[in-house]
Amino acid sequence: MAIRSRRYWRLLLVGFGLWIVSTKLPSLFLRISFSANTITQNNKRDTRADWNSENDGSEEKIMPLERNAFEEYAPARKGRGRHTFRPDGLVAVNPKGPHPIFELVDRAEKAWNEKLRKASTSLDEAIGEYRRRYRRNPPKGFDKWWEYVQKHDVQLPDEYDTIYHDFEPFWGLEPSYLLGLQAEREFKKDTYTIGRNADGKLDVVKTSFNSAYDQLLSTANKVLDILRDIEDELPSFRATFTPHDGPNLMTDFVVKSTLLEAASTNSYVGREQLPPIHHLGWLSACGPTSPARRIDFNLDGPRPPKPKKSFIYNHRLTMDPCLNPTLLWVHGQFVSHNMGPDPYPTMIPEFSSCSTTLHHNLRFPTPYGWVEDVFPRSDDPDFADKTDERLLWRGTNTGIHHGPRTRWESAHRDILVRIVNEVNGTIDFLMPPNLGYEDQPVENPKTARRARINPAMMDAAFVRGPSQCEEPTCSRMKQIYEYKQTQSMKDAGNYKYVLDIDGNGWSGRFKRLITSNSLVFKTTIYPEWFIDRVEPWVHYIPVQVDLSDLYDSLIFFRGDPNGEGAHEELARQIALQGRAWSKKHWRREDIIAYFYRMLLEYARLMSLDREAMTYQGEGELHMDRWSKGEAHVDDPLLH
Ligand SMILES: *[C@@H]1O[C@H](CO)[C@@H](O)[C@H](O)[C@H]1NC(C)=O
């Protein structure tokens with residue numbers, strides 16, 4: 001009796017402990033890590049939480065979005081088999097639960113369908129939704145933009161939070177000061193500026209290059225080509241772009257928080273009111289209580305601890321080094337600058353093809369790498385007709401400069417090619433269940449020799465020869481890596497599984513891969529312009545940058561080396577959904593619609609009279625959806 005009751009109490013205690021750990025701790029963690037909000041956003045918090053709640057996940061660590069995203073994604077599964085959905089975008093695997101990919105796919109499908117279902121279908125609805133999300137009126141020209149969207153059947157007309165997140169801090173800068181920053185930037189080496197020329201046509205109106213003029217301008221010409229279709233609808237603007245692959249404007253956390261606070265109270269900050277920056281390298285962009293600021297940031301030391309097995313449930317959150325400091329150890333964007341540069345003392349409006357959560361470059365929907373379809377179509381047979389079941393990747397060793405003084409071994413592409421070609425040692429992977437046994441516990445990882453897994457499952461290699469290197473490192477690379485020939489598109493199209501990984505910047509080939517009927521495994525630190533318009537686990541498989549889940553995900557779909565536990569039908573379905581998404585959501589018109597809306601916002605932001613550049617149409621009378629929300633009484637929109 002005594003024994004039994006002791007056991008009973010122990011069980012109860014363990015149960016309570018588990019409950020605390022799984023339900024209370026994560027939100028506690030969130031409250032702590034996002035308590036930076038409270039520095040500046042105390043009084044705005046409640047109203048913001050309201051409009052954020054529908055807005056699942058954002059890379060902005062200084063807003064309470066993630067807390068809501070986390071609640072929204074709180075695991076449905078109760079009890080012993082529950083996996084832990086963490087505030088950093090990862091789900092930690094509980095061996096007693098079923099294989100987590102089932103739940104991840106299920107959730108993602110629901111979230112995607114919900115997003116499609118909620119999409120605005122009229123201008124009034126779109127305006128109401130705009131106000132609900134951003135608490136201001138849309139920019140002037142919004143009605144014409146909506147016409148474009150209708151005419152060209154652009155999907156998900158509300159999902160442009162990326163624009164909002166990029167632009168919002170700049171609303172807190174005093175407009176004439178902001179204009180001055182842009183004008184100054186036009187003279188910065190390696191920039192080009194687009195605006196109207198003397199004839200009123202959009203053109204490259206200024207370049208500041210030293211060399212390689214034509215090559216650097218190739219993106220500019222693609223952008224102009226995209227803008228031709230809407231040229232007459234656009235207001236005047238001057239927009240400065242970097243022609244390089246990656247972002248270059250590092251953010252200071254306190255500067256950004258100060259600007260966001262000003263923006264949220266409809267006030268401005270000038271040059272003199274900017275707070276002093278931090279000198280913490282990359283960590284300067286992170287809030288004082290964020291996970292990154294609580295680790296020992298030493299690239300020669302061990303990486304921060306992680307759960308034994310985990311998957312991505314929110315791709316964007318996992319791209320934020322403030323939440324996932326491991327990224328600082330394993331990606332060329334970061335390790336090439338070691339501890340990181342000093343942040344800029346202000347925020348500078350400059351566009352780039354991609355950005356990270358630590359930079360404030362404005363993302364534009366780059367037309368680079370865009371393809372209408374895979375031609376000829378015979379180069380992308382149906383998933384079931386592809387015969388190679390290895391994971392394919394070919395590319396050059398970009399991502400970092402390879403020299404005696406850089407940590408090139410720690411750059412993402414180098415890590416990839418090294419681990420998938422290693423035959424010494426073992427790999428721990430989660431064994432997927434056979435069909436009909438989906439509810440079985442996933443159990444602890446199994447161990448297999450690399451020599452049995454890698455040659456059978458992986459086909460990733462650098463091509464041609466060492467590049468982006470200096471001696472003696474080039475020679476050393478030739479020894480370690482087996483450089484292969486480049487592949488034809490036709491050969492590449494025969495692989496069921498393909499990997500998409502960043503280079504010096506974002507990966508320009510994702511569009512082609514996701515159109516090719518293959519299942520795409522995507523690993524990146526760049527939340528691209530379409531991140532709110534696509535759904536991981538519905539259209540592609542998200543993979544952590546340290547590749548810790550690569551084998552688990554691949555083996556889930558293709559099975560172990562014998563094909564045991566394969567889920568090929570699901571793989572085929574996601575591959576086909578990816579292709580369908582590409583054809584419906586990433587057309588030339590979708591890029592134009594994004595650019596169009598972005599430039600309306602930009603023209604307003606960069607105007608001395610932002611009110612005059614705000615939409616004043618009919619729609620303002622229809623406040624139904626808007627008034628349902630808990631509007632803040634001081635909100636300027638209500639007066
Ligand atoms: C294989 O790995 C082990 C353990 O890391 C190491 O001791 C051994 O030298 C390696 N063997 C080869 C052939 O590289």
Side-chain angles (χ1 to χ4, degrees), residues 55-60 115 119 133-134 139 145 148-149 152 154-170 194 219-220 222-227 229-230 234 239-249 314-317 319-320 333 349-371 500 502-503 505-515 520 522 524-536 539-540 542 578 581-582 584-602 605:
N55 212 345
D56 63 67
S58 142
E59 75 272 35
E60 299 301 317
K115 202 175 250 190
R133 291 186 185 213
Y134 313 134
W145 174 81
Y148 182 92
V149 163
H152 297 280
V154 174
Q155 305 296 306
L156 296 174
D158 307 312
E159 305 303 331
Y160 294 91
D161 288 357
T162 34
I163 300 176
Y164 168 77
H165 289 305
D166 284 354
F167 285 27
E168 192 60 11
F170 292 94
I194 287 180
T219 322
K222 283 201 163 116
V223 168
L224 285 175
D225 182 53
I226 285 286
L227 297 181
D229 291 25
I230 46 168
L234 293 174
T240 299
F241 293 73
T242 165
H244 294 296
D245 291 343
N248 52 7
L249 296 165
N314 181 320
H315 205 170
R316 178 186 356 225
L317 291 179
M319 297 178 202
D320 185 347
Q333 173 80 53
E350 180 183 287
F351 289 87
S352 69
S353 296
C354 66
S355 193
T356 78
T357 60
L358 307 187
H359 294 86
H360 59 266
N361 290 86
L362 308 166
R363 293 164 285 187
F364 67 96
T366 180
Y368 177 91
W370 184 82
V371 290
D500 188 52
D502 299 334
W506 91 111
S507 161
R509 69 175 88 159
F510 182 56
K511 172 63 172 159
R512 176 170 62 75
L513 297 181
I514 200 165
T515 316
V520 182
K522 183 172 176 64
T524 179
I525 55 160
Y526 306 105
E528 288 162 80
W529 65 273
F530 51 79
I531 191 159
D532 294 322
R533 313 177 62 78
V534 69
E535 196 70 46
H539 305 120
Y540 69 91
W581 174 80
S582 164
K584 193 170 179 180
H585 290 257
W586 197 351
R587 303 159 307 156
R588 188 182 148 82
E589 292 84 349
D590 302 310
I591 296 177
I592 294 174
Y594 191 106
F595 243 123
Y596 190 167
R597 180 161 165 161
M598 184 187 87
L599 288 171
L600 293 181
E601 293 281 8
Y602 181 70
L605 177 71

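Because the structure is predicted, anything quoted here is derived from the model rather than measured.
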Considering all heavy atoms of both residues, which atom of Ile194 and which atom of Ala220 are nearest to each other, and what is their separation? CD1-O, 4.3 Å
Close side-chain approach of Pro367 to Val223, heavy-atom, < 4.5 Å: yes
Please give me the minimum heavy-atom distance between Glu528 and Ser507, naming the atom from each residue. OE1-O, 4.3 Å
Any donor-acceptor N/O pair, Asp590 side chain to Arg587 backbone, under 3.5 Å: yes
Between Glu535 and Trp581, is the side chain to side chain contact (heavy atoms under 4.5 Å, CB included) condition met? List the steps. CA-CA 10 Å; Glu535 196 70 46; Trp581 174 80; over 6 Å; no
Closest approach of Cys354 and Gly246, non-hydrogen atoms and distance? SG-CA, 4.0 Å
Value rounded to 0.5 Å, distance of CG in Leu156 from NZ in Lys584: 9.5 Å
Results of side-chain hydrogen bond (donor to acceptor under 3.5 Å, both in side chains) for His539 - residues two or more places apart only: none
Among side-chain atoms of Glu601 and Tyr160, is any donor-acceptor pair under 3.5 angstrom? no
If you take all heavy atoms of Ile525 and Asp502, which pair is closest and at what distance? N-OD2, 3.0 Å
Nearest 0.5 angstrom please: Leu227 CG to Ile592 CD1, how far? 8.0 Å
Between CG of Leu358 and CG of Leu249, what distance do you get to the nearest 0.5 Å? 12.5 Å
Main-chain N/O of Trp370 paired with Trp586 side-chain donor or acceptor, under 3.5 Å: no
Side-chain contact test, heavy atoms from C-beta onward, threshold under 4.5 Å: evaluate it for Pro527 versus His165 and give yes or no. no
Going by salt bridge (charged side-chain N to carboxylate O under 4.0 Å, His left out), Glu159 matches just one of Arg597, Arg133, Arg533. Which one? Arg133
Arg512: partners by side-chain hydrogen bond (donor to acceptor under 3.5 Å, both in side chains), with sequence neighbours left out: none
Nearest-0.5 Å distance, OG1 of residue Thr524 to CD of residue Gln333: 10.0 Å
Does the Trp145 side chain pair with the main chain of Ala593, one donor and one acceptor, at a distance under 3.5 Å? yes
Backbone N or O of Asp532 within a donor-acceptor pair of the Lys115 side chain at under 3.5 Å? yes
By side chain to side chain contact (heavy atoms under 4.5 Å, CB included), Asp225 pairs with (sequence neighbours left out) Arg588
Any residue meeting side chain to side chain contact (heavy atoms under 4.5 Å, CB included) with His244, in chain and number order, not counting sequence neighbours: Asp190, Leu216, Thr242
Verdict with reasoning, His152 to Tyr596, per ring pair (Phe, Tyr, Trp, His ring centres under 6.0 Å): CA-CA 13 Å; His152 297 280; Tyr596 190 167; 9.9 Å; no
Write down the atom of Tyr526, the atom of Ser355, and the distance for their closest heavy-atom approach. CD2-O, 3.4 Å
OH of Tyr134 to CD of Glu168: how many Å apart, nearest 0.5 Å? 10.0 Å
For Asn361, give me all partners under side-chain hydrogen bond (donor to acceptor under 3.5 Å, both in side chains), at least two apart in sequence or on another chain. Asn248
May I ask you to check whether Phe530 and Phe510 place their ring centres under 6.0 Å from each other? yes
By side-chain hydrogen bond (donor to acceptor under 3.5 Å, both in side chains), which residues pair with Tyr148, not counting sequence neighbours? none
With respect to Trp529, which candidate in Phe364, Tyr594, Phe595 satisfies the side-chain contact (heavy atoms from CB on, under 4.5 Å) definition? Tyr594
Worked verdict on Thr366 versus Trp506 for side chain to side chain contact (heavy atoms under 4.5 Å, CB included): CA-CA 10 Å; Thr366 180; Trp506 91 111; 3.4 Å; yes
Flag the pair Phe351 / Met598 as yes when at least one side-chain heavy-atom distance between them is below 4.5 Å, and no otherwise. yes
Rounding to 0.5 Å, atoms CD (Glu350) and CZ (Phe241) come to a distance of 9.5 Å
If we ignore hydrogens and angles and just use 3.5 Å, is the side chain of Thr515 paired with the main-chain N or O of Lys511 as donor and acceptor? yes
Minimum heavy-atom distance Asp166-Leu362, with the two atoms named: O-CD2, 3.5 Å
